Amino acid sequence: MNESMAGMKRTHYAAELSMSNANEKVTVMGWVQKRRNLGSVIFLDIRDRSGLIQVFLDEPVLGPEDFAKGERLRAEFVVAVEGVVQRRGDGGVNPNLKTGEIEIRATALRILNHAETPPFHIEDDVNAKEDLRLKYRYLDLRRPVLQKNLILRHKVTTAARQFLDKEGFLEIETPMLTRSTPEGARDYLVPSRINQGMFYALPQSPQIFKQLLMLSGYDRYMQIAKCFRDEDLRADRQPEFTQIDMELSFVNQEDILDLNERLLQYIFKQVMDMELSLPFKRITYKEAMERFGSDKPDMRFGLELKDLAELAAGCGFSVFADTIKSGGSVRAINAKGMAELPRKQIDALTELCKYHGAKGMAYLAVKDGEVKSSFAKFLTETEIQKLLQLTEAEDGDLILAVADKEEVVFKVLGELRLEIARRLNYLDKNVYDFVWVTEFPLLEWSEEQGRYMAKHHPFTTPMEEDIPLLDTDPGKVRAVAYDICLNGNELGGGSLRIYHRHLQEKMFEALGFSKEEAYERFGFLLDAFQYGVPPHGGLAFGLDRMVMLMAKADSIREVIAFPKVKDASDPMSDAPNIVEEKQLRELGIQVIKPEGEK
RNA sequence: GGCCCAAUGGUUCAGUCGGUUAGAACGCCGCCCUGUCACGGCGGAGGUCAGGGGUUCGAGUCCCCUUUGGGUCGCCA
């Protein structure tokens, strides 16, 4: 039988209590984490979102009726306990518990609700498989670590709002039902009942709206914005996710980077009591690719790429020499101290390179003055010395080299660099190493579409000195676009926007849109651009990734209350699902079933 | 869409070379126990070995397909 809490009022969260509450009469309410029944005394661990407190039940104090309830308690029953805080008895303190010094000696106990035995233990070191945990997400969310993560997330958004408010930002909501602009990721579509056959799209980001707000004179906008992209999931990618989004008028790139560094500094100070020193490192896209083989470099360790062109051109190893001759690139990583990596492991690294598109991988190990290598036999002694010099190799090092088109070399060595860092245990989650990557290319050639696509988005402004290249060599144009990276993750990105109509039209032209197509897709924006657009720019952070890294979690699912699984479904609610035919009729939608189905 | 990994009581796992009745820990149920906190003691229940097909005298074990979940490539302006 469940009892009412009438007449009882909670006075404290469980883990708020301490010796300073000794002899106080308190009431806590929560879930039974554990019952330890010793016969004529019973210990309970009561859990609420603050943590655990031990409750001591003995019949002389509690009375026979409530004590009998204590004997019926099971895990996850909901209880109210009234009692007196006291130092623990002969058993002493439990150092593993924040409240390990004290306990509540119960004077009254009520069972507010019963509970079935949960399908897995609710504790942090739970080993239950993720699909089971996601099916019972509401139970998984009881685990302290997930509660901690969601509280952390709350603190991050609160800190962001506080800081941006002080900086003069206005929080303004933008619509969820928007117009589809098929440039970029796939849209989630929402059918319109009133306008049959027509569809809204859920926003991939509030991009256009925030730019219009600048045009409207709001000067500084921010939003904790939900965004939607109908693409495949990853550990760090969900179909719906949250951005800390902002846009500012009358600013240059430096203003935006400076503001956002200070925002991150404030968040990390408020939430983690960690001091970030400013300014952050800044490197250009070109430098990031050449040194780290990635546009989101992990700066926690070295292992930088080394250009071997000087050696490779005309050397005795034809794979190298021919690659250079045909305009390719030969680069290497020095895996410090890994000279004695067994052949089998080297083969595994070669496979990794092939997986990422390389034709092969050349290696050279130096150990006790001896050289062990897949290709040294093709090189002269001078060439080997040159190689060691270019890669700054010392005794005990292992050189791994790849020759291919430059983009392949960067990609492969970028991945190889991360793999070596993993093997050398360089990836310390307690280190937070930020870097700005600037001067991204404006455009990217799409083989599939047979045209240039905006790398960031079509409203990004080109760098002033590169504008003439738009007509001659669009692929070379750099944008005033920047990403903020943390430990090899893209944490956020933004750009200065185009604010002159003729430049925007030129941009659409470079993207291969005719004037008519551009108007068809973005006409309202081009119209708006006739009415006085201020210079403006902005940035958006991936909130989920930021919180994931702060929580040291391995997946953003650990920092989202109700995440979706790999096929974009929710195993708990079973969304998406079929709907009633009546609903479809109202929308004028016919479901086309695969052949063979009735 | 491609590739890789996983699935055995409620949970996490073991299960040898294909061979008798599929084991353990935790959890669950019952009894006992006054200082436990991984409480302890005694007893007990609980299995469509994910599903389907195949090979075999014999399949948890080998093969194929399917399902579910995870990772990843493509994709993600």
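The figures that follow rest on heavy atoms only: side chains count, while hydrogens, waters and symmetry mates do not. Remember, predicted model here, so these are calculated numbers, not experimental data.
Between the P atoms of B:rG41 and B:rG15, the separation comes to 27 Å (whole Å). Atom name P, nucleotides B:rC5 and B:rG9: the rounded distance is 22 Å, in whole Å. Taking atom C1' on both nucleotides, B:rC65 is separated from B:rU55 by 15 Å, rounded to a whole Å. Straight-line distance between the P atoms of B:rA59 and B:rA50: roughly 15 Å, to the nearest whole Å. Comparing the C1' positions of B:rG18 and B:rC29 gives a spacing of 37 Å, expressed to the nearest Å. Nucleotides B:rA14 and B:rA25 are separated by 11 Å at their C1' atoms, to the nearest Å. Taking the C1' atom of each, B:rC62 and B:rA77 are spaced 49 Å apart, rounded to whole Å. Taking the P atom of each, B:rG19 and B:rC63 are spaced 15 Å apart, rounded to whole Å.
Look at A:F120 and the base of B:rG10; the rings do not stack under the cut-offs of 5.5 Å between centres and 30° between planes.
Taken from CG in A:L470 to CD in A:E509, the straight-line distance is 9.0 Å, to the nearest 0.5 Å.
Here B:rA38 presents its C1' atom at 14 Å from CG of A:L52, a figure rounded to the nearest Å. Rounded to whole angstrom, the span from the CG atom of A:L97 across to the P atom of B:rC37 amounts to 13 Å. The CD1-P distance, from A:I556 to B:rG70, rounds to 13 Å in whole Å. Taking atom CD of A:Q86 as the reference point, atom C1' of B:rG35 lies 11 Å away to the nearest angstrom. When rounded to the nearest whole Å, the span between CG of A:D131 and P of B:rU67 equals 16 Å. The CG-C1' distance, from A:L57 to B:rC37, rounds to 14 Å in whole Å. Atom pair A:I122:CD1 and B:rG10:P shows a separation of 18 Å (rounding to whole Å applied). What separates CZ of A:R133 from P of B:rA7 is a distance of 18 Å, to the nearest Å.
Listed in residue order, the members of residues 34-47 of chain A having a heavy atom less than 4.0 Å from RNA chain B are A:K34, A:R36, A:N37, A:L38, A:G39, A:S40, A:V41, A:F43.
Closest to the A:R74 side chain, of the nucleotides B:rG27, B:rC29, B:rG35, is B:rC29.
In this model, no donor atom of one side chain and acceptor atom of the other lie less than 3.5 Å apart for A:Q33 and A:R142. Side chains of A:T438 and A:Q253: no donor on one and acceptor on the other come within 3.5 Å. For A:H457 and A:R497, the side-chain atoms include at least one donor-acceptor pair closer than 3.5 Å. A donor-acceptor contact closer than 3.5 angstrom links the side chains of A:D245 and A:Y221. Side-chain contact annotation: A:N37 with A:E71, donor-acceptor N/O pair under 3.5 Å absent.
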N/O contacts under 3.5 Å, protein versus nucleotides 42-46 of chain B?
none

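In this entry B:rC3 has B:rG71 as its Watson-Crick or G-U wobble partner, both defining distances falling under 3.5 Å. Searching all strands for a Watson-Crick or G-U wobble partner of B:rG46 with both distances below 3.5 Å returns nothing. With a cut-off of 3.5 Å on both Watson-Crick or G-U wobble distances, the partner of B:rC33 is given as none. Summarising the base pairing, B:rA25 is matched to B:rU11 through a Watson-Crick or G-U wobble pair whose two defining distances lie under 3.5 Å. Pairing for B:rU20 is absent, judged as Watson-Crick or G-U wobble with the two contacts each under 3.5 Å.
At a threshold of 4.0 angstrom between heavy atoms, the contacts of A:G92 include nucleobase atoms, whether or not backbone atoms are also involved. Note on A:E351: nothing from the nucleic acid sits closer than 4.0 angstrom, heavy atoms only.
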Per-nucleotide protein contact along nucleotides 71-77 of chain B, 5' to 3', at a 4.0 Å heavy-atom cut-off (B base, S sugar-phosphate only, - neither), is BBBBBBB
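Between A:F43 and A:F56, a ring centre-to-centre spacing shorter than 6.0 Å is recorded.
Relative ring orientation between A:F522 and A:F508 is described as parallel, the plane-to-plane angle staying below 30° on a 0-90° scale split at 30° and 60°. Between A:F440 and A:Y285, the ring planes are tilted. Angles from 30° to 60° get that label.
Around atom OH of A:Y188, more than 12 heavy atoms belonging to other residues, nucleotides or ligands sit under 6.0 Å away. Other residues, nucleotides and ligands contribute more than 12 heavy atoms inside 6.0 Å of the CH2 atom of A:W436. By the neighbour-count criterion of 12 heavy atoms within 6.0 Å, atom CZ of A:R423 is densely surrounded, having more than that number from other residues, nucleotides or ligands. The environment of NZ in A:K69 is crowded: more than 12 heavy-atom neighbours from other residues, nucleotides or ligands sit within 6.0 Å.
Using a 4.0 Å cut-off between charged side-chain N and carboxylate O, A:K552 and A:E558 make no salt bridge.
Comparing A:K129 and A:Q54 along RNA chain B, the residue whose closest nucleotide (by nearest heavy atom) sits nearer the 5' end is A:K129.
At a cut-off of 3.5 angstrom, the base of B:rC37 holds at least one donor-acceptor pair with the side chain of A:R88.
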